[in-house]
Amino acid sequence: QFKGVLSFDQMSTKMNNASVLVACVGMLVYILPSLCFFIPFRWEEERYTDGVKWKFLEHKGPVFAPPYEPLPSNVKFYYDGKHMKLSPGAEEVATFFAKMLDHEYTTKDVFRKNFFKDWRKEMTSEEKSKLTDLNKCDFSEMSEYFKAQSEARKAMTKEEKLENERLLQEYGFCIMDNHKERIANFRIEPPGLFRGRGDHPKMGMLKRRIRPEDIIINCSKDSKYPKPPPGTKWKEVRHDNKVTWLVSWTENIQGSIKYIMLNPSSRIKGEKDWQKYEMARRLKKCVDRIRAQYREDWKSKEMRIRQRAVALYFIDKLALRAGNEKEEGETADTVGCCSLRVEHLTLHQEMDGQEYVVEFDFLGKDSIRYYNKVPVEKRVFKNLQLFMEDKEPEDDLFDRLNTSILNKHLQELMDGLTAKVFRTYNASITLQQQLNELTSSEDNVPAKILSYNRANRAVAILCNHQRAPPKTFEKSMQNLQTKIDAKKEQLADAKRELKSAKADAKVRRDEKSKKAVESKKKAVQRIEEQLMKLEVQATDREENKQIALGTSKLNYLDPRISVAWCKKFGIPIEKIYNKTQREKFAWAIDMAEKDYEF
DNA sequence: TTATGGACTTAGGAGAACTGCT
DNA sequence: AGCAGTTCTCCTAAGTCCATAA
């Protein structure tokens, strides 16, 4: 259905309404084959088939990390209390460690062990024989030096900004099929020490410097190829128009490939984003059938089918991720639905007055903890007991299931359906329902925005999008409360003044005192509004303490729902989406009318 | 059937930039 | 102007899912 989508070429430039209309009609038409003769000829040339992503691609290549600058001779390194001059290679790696000294992970055993092992590889044989114990290394002068440097840099940011702007203009854009597009990450990742998330077995390892010889360039044959820095060569220049990346290289920690790709505002990303939400809307149409199906499958004679059905129920109900298998010892120990282990669930026949409660406790993506107590249907509960029978805690809960089996099944239920579509679907439908429930047209703008944030928050909670509470949270809450108290006093004063003005006006009965009453009334009103705004702010912030709204907003919520909501309730779109977000969602902003339904 | 590679989306944190207040 | 607090942008790790090889 979504193969060879229509061009969004109008998205990168400023769309005019007429072309948007054409685009919308075009899309609609593409979805309804019966109207195929309607496909405007102008799309013909830009609609690709067979996985072709572009016809023309030209760019300037990546920006490399600045070369290493040796430390000034007065910044010293000490081993066992004695000054020691390091070779340039060893010194560079030492500075990576020194820059992280304030961070907790430099105290972790695994980090130190990995770092020291990789550092020794960069040492001269003489250094290697001398430096045998990391605990005897003193990086503090280096650390101080870098702190001073970053202070100094703050003072001269003007020139730096200018240089950054120049680099952006020169390397930050490419031409893809007649359009100048912003590149997302045109800078090559600088060398440093790898910091995994959570309990990562490779934390502290040396991430090596990427050279032109490591780089594969992708561009069209008939474009001006990017030039490698003088005296160097690219690893390869290829012309693969079945992929969207411009530059790639292999990273040395996991051996995986890294890419330079386009910004979310680009046609190629926007189009994909739109397809994602269209897929979720297709799921909406058949989700009832699928739910009925998996409930039926809970009773299956076959264990693998029961497991599949229970896993799918979790993915649907709890918005869990699919849960691919991971290579042990290569990454932090995290799981998703299909990779859940027995130790991650506790079954409670009865808990807090509810029957059949499942307690989940596991680390998910980015080692974020998922903790939830969920009442489930009796049949699910019984199945879980069955799956857990005679197993060790570290055994797989779904031993007859993996993501590939699950996705194959989903594919049969609906063309193009995979596990992650459920997350998108449930997130978007939740936003829409919550907005319908929470928004009142009588509310003023800040109250409506609070409702929006609450709807957004419901989704973030569903998807378990957490953040570390800001370090200054308690204090800033207190400050806000102080402000509110002050405002309340101010309001009381204003009310008193209004009262006396009224009394005054009753006695005097002249124009001047009437006017005074009016202006006092206005003042009271204004202060009331300000107070209300502050209180709303406080509520919003308190509720948001540990919740990250950004991820769902950016990746799970069909932007057309938000755009429609803004139009319906007269909220300026700027209150919901900042500049970057508006660029990313340009297609939705121009497409969705106030009656859009997900 | 499983393992591996490849391409792409999704994720939270760090630091820069901005805003509003005194 | 300077500061504190908030918001935005950048960074890159960590997922998903598909294709292909063994």
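In what follows, chains carry the letters A, B, and so on, assigned in the order in which the sequence lines appear, proteins first and then strands, with residues in each chain numbered from 1.
Applying the salt bridge (charged side-chain N to carboxylate O under 4.0 Å, His left out) test between A/Arg341 and each of A/Asp333, A/Asp361, A/Asp395 identifies A/Asp333 as the sole match. Of the options A/Arg321, A/Arg197, A/Arg467, a salt bridge (charged side-chain N to carboxylate O under 4.0 Å, His left out) to A/Asp366 is made by A/Arg197 and by none of the others. Each of A/Phe362, A/Phe422, A/Tyr370, A/Phe360 was scored for a ring-ring contact (aromatic ring centres under 6.0 Å, His included) with A/Phe314, with one residue passing: A/Phe360.
Less than 4.0 Å separates DNA chain C from at least one heavy atom of each of the following residues of residues 328-341 of chain A: A/Thr334. DNA chain C lies under 4.0 Å from at least one heavy atom of each of the following residues of residues 416-432 of chain A: A/Thr418, A/Ala419, A/Lys420. Of the residues in residues 183-201 of chain A, A/Arg187, A/Glu189, A/Pro190, A/Phe194, A/Arg195, A/Gly196, A/Arg197, A/His200 come within less than 4.0 Å of DNA chain C through at least one heavy atom, sorted by number.
At a threshold of 4.0 angstrom between heavy atoms, the contacts of A/Arg182 are confined to the sugar-phosphate backbone, with no base atom among them. Heavy atoms of A/Ile253 sit nowhere under 4.0 angstrom from any nucleic acid atom. Among the atoms of the strands shown, none is found under 4.0 Å from any heavy atom of A/Lys553. At a threshold of 4.0 angstrom between heavy atoms, the contacts of A/Gly323 are confined to the sugar-phosphate backbone, with no base atom among them. A/Thr244 comes within 4.0 angstrom of sugar-phosphate atoms only, judged by non-hydrogen atoms across all strands, and of no base. Counting non-hydrogen atoms under 4.0 angstrom, A/Lys207 reaches the backbone sugars and phosphates but no base.
Taking atom CG of residue A/Asn241 and atom P of nucleotide B/dA7, one finds them 13 Å apart after rounding to whole Å. Protein atom NZ of A/Lys579 is 13 Å distant from nucleotide atom P of B/dA17, rounded to whole Å. Computed from coordinates, the A/Ile260 CD1 to B/dG6 C1' distance equals 17 Å when rounded to whole Å. A straight line from CD of A/Gln275 to P of C/dC18 spans 13 Å, rounded to a whole angstrom. Distance CG (A/Asn555) to C1' (C/dA14): 13 Å, rounded to an integer number of Å. A straight line from NZ of A/Lys258 to C1' of C/dA13 spans 6 Å, rounded to a whole angstrom. Note: CG (A/Asn164) to C1' (C/dT9) measures 12 Å, nearest angstrom. The NZ atom of A/Lys365 sits 13 Å away from the P atom of C/dA13 (whole-angstrom rounding).
With 3.5 Å as the limit, one finds a donor-acceptor pair spanning the side chains of A/Tyr452 and A/Ser562. Side-chain polar atoms of A/Ser339 and A/Asp396 form no donor-acceptor pair below 3.5 angstrom. Neither side chain, A/Thr418 nor A/Asn407, offers a donor N or O lying under 3.5 Å from an acceptor on the other. If you check the side chains of A/Thr334 and A/Lys365, you find no donor sitting under 3.5 Å from an acceptor.
Here the two rings, on A/Phe585 and A/Tyr577, have centers that are under 6.0 Å apart. Ring-centre distance between A/Phe97 and A/Phe139: below the 6.0 Å cut-off. Checked against the 6.0 Å centroid threshold, A/His465 and A/Tyr556 count as a close aromatic pair.
If you find the closest nucleotide of DNA chain B to A/Glu325 and to A/Trp245, the one lying nearer the 5' end belongs to A/Glu325. A residue-by-residue look at A/Asn402 and A/Ala468 shows that A/Asn402 has its nearest nucleotide of DNA chain B further toward the 5' end.
Here the nucleotide nearest the side chain of A/Tyr556, chosen from B/dA11, B/dT9, C/dG15, is B/dA11. Candidate nucleotides B/dC8, B/dA14, B/dA11 were compared by shortest atom distance to the side chain of A/Asp366, and B/dA11 ranks first. Nearest nucleotide to the side chain of A/Thr580, out of C/dC8, B/dG12, B/dA7: C/dC8. Residue A/Tyr259 has its side chain nearest to B/dC8 when only B/dG13, C/dA13, B/dC8 are considered.
Under a cutoff of 6.0 Å and an axis angle of 45°, A/Lys99 and A/Phe146 form a cation-pi pair.
Taking CD of A/Glu278 as the reference point, atom CD of A/Gln275 lies at 9.5 Å (rounded to 0.5 Å).
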Could you list the protein-to-nucleotides 18-22 of chain B atom pairs, N/O on both sides, closer than 3.5 Å?
none

Just the atom pairs and distances: protein N or O near nucleotides 5-7 of chain C's N or O, under 3.5 Å.
unit_1 : atom_1 : unit_2   : atom_2 : d
C/dG5  : OP1    : A/Lys475 : NZ     : 3.2
C/dG5  : OP1    : A/Asn479 : ND2    : 3.1
C/dG5  : OP2    : A/Lys475 : NZ     : 3.1
C/dT6  : OP1    : A/Arg541 : NH1    : 2.5
C/dT6  : OP1    : A/Arg541 : NH2    : 2.9
C/dT6  : OP2    : A/Ser476 : OG     : 3.4

* To do: Evaluate the criterion salt bridge (charged side-chain N to carboxylate O under 4.0 Å, His left out) for residue pair A/Lys161 and A/Glu165; output intermediate values, then yes/no.
  => CA-CA 6 Å; A/Lys161 258 191 238 162; A/Glu165 183 58 25; over 6 Å; no
* Start with the C-alpha distance between A/Lys53 and A/Asp240, add both sets of side-chain angles, then the distance that settles salt bridge (charged side-chain N to carboxylate O under 4.0 Å, His left out), and finish with yes or no. => CA-CA 9 Å; A/Lys53 304 286 169 53; A/Asp240 183 354; over 6 Å; no
* Asked: Going through the distances and angles, do A/His200 and A/Phe111 end up as a ring-ring contact (aromatic ring centres under 6.0 Å, His included)?
  -> CA-CA 9 Å; A/His200 198 116; A/Phe111 190 96; over 10 Å; no
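Of the side-chain N and O atoms in A/Thr551, one or more sit less than 4.0 angstrom from OP1 or OP2 of B/dG12. At least one side-chain nitrogen or oxygen of A/Asn324 sits closer than 4.0 Å to the OP1 or OP2 atom of C/dT16. OP1 and OP2 of B/dG13 both lie 4.0 Å or more from every side-chain N or O belonging to A/His103. For the pair A/Lys242 and B/dG6, the criterion of a side-chain N or O lying under 4.0 Å from OP1 or OP2 is not met. Between C/dA14 and A/Ser367, no contact under 4.0 Å exists linking OP1 or OP2 to a side-chain N or O.
Salt bridge status for A/Asp273 with A/Lys276: present, with a side-chain N to carboxylate O gap under 4.0 Å.
Classified by interplanar angle (parallel below 30°, tilted 30° to 60°, perpendicular above 60°), the ring pair A/Trp245/A/Tyr259 is tilted.
Under the salt bridge (Lys or Arg N to Asp or Glu O under 4.0 Å) criterion, the residue pairs touching residues 185-196 of chain A are A/Glu189-A/Lys207, A/Glu189-A/Lys258, with sequence neighbours excluded.
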